[in-house]
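All of these numbers come straight from a predicted model, not from anything done at the bench.
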Amino acid sequence: MSNATATLLKVEKGNAEPEELAAITAILLARAAATPEGVTAVAVRSQAGWRRLERTPGFRGPRSWQG
């Protein structure tokens with residue numbers, strides 16, 4: 001895709017007028033600018049913080065910290 005045909009917004013249904021695209025672009029830019037700079041993204045876990053008991057091994061040793 002060349003730079004001439006690359007777009008930031010894509011209208012999936014209907015026909016958006018240039019004024020409508022300008023309005024939504026202004027809203028998105030205003031929201032992005034309103035985000036505090038000190039806020040960082042929260043790390044997403046790839047694993048649940050809880051465990052399903054049916055997936056745990058059936059036996060744990062008597063000195064296991066998980067028992």
Exercise for review: Could you grab the distance from atom CG of Leu29 to atom CZ of Arg31, nearest 0.5 Å is fine?
Suggested key: 12.0 Å

Point to revise | Minimal non-hydrogen separation, Leu21 against Ile24, with atom names | key: O-CG2, 3.2 Å

Point to revise | Under the side chain to side chain contact (heavy atoms under 4.5 Å, CB included) test, residues paired with Ala23 that sit two or more places apart | key: none

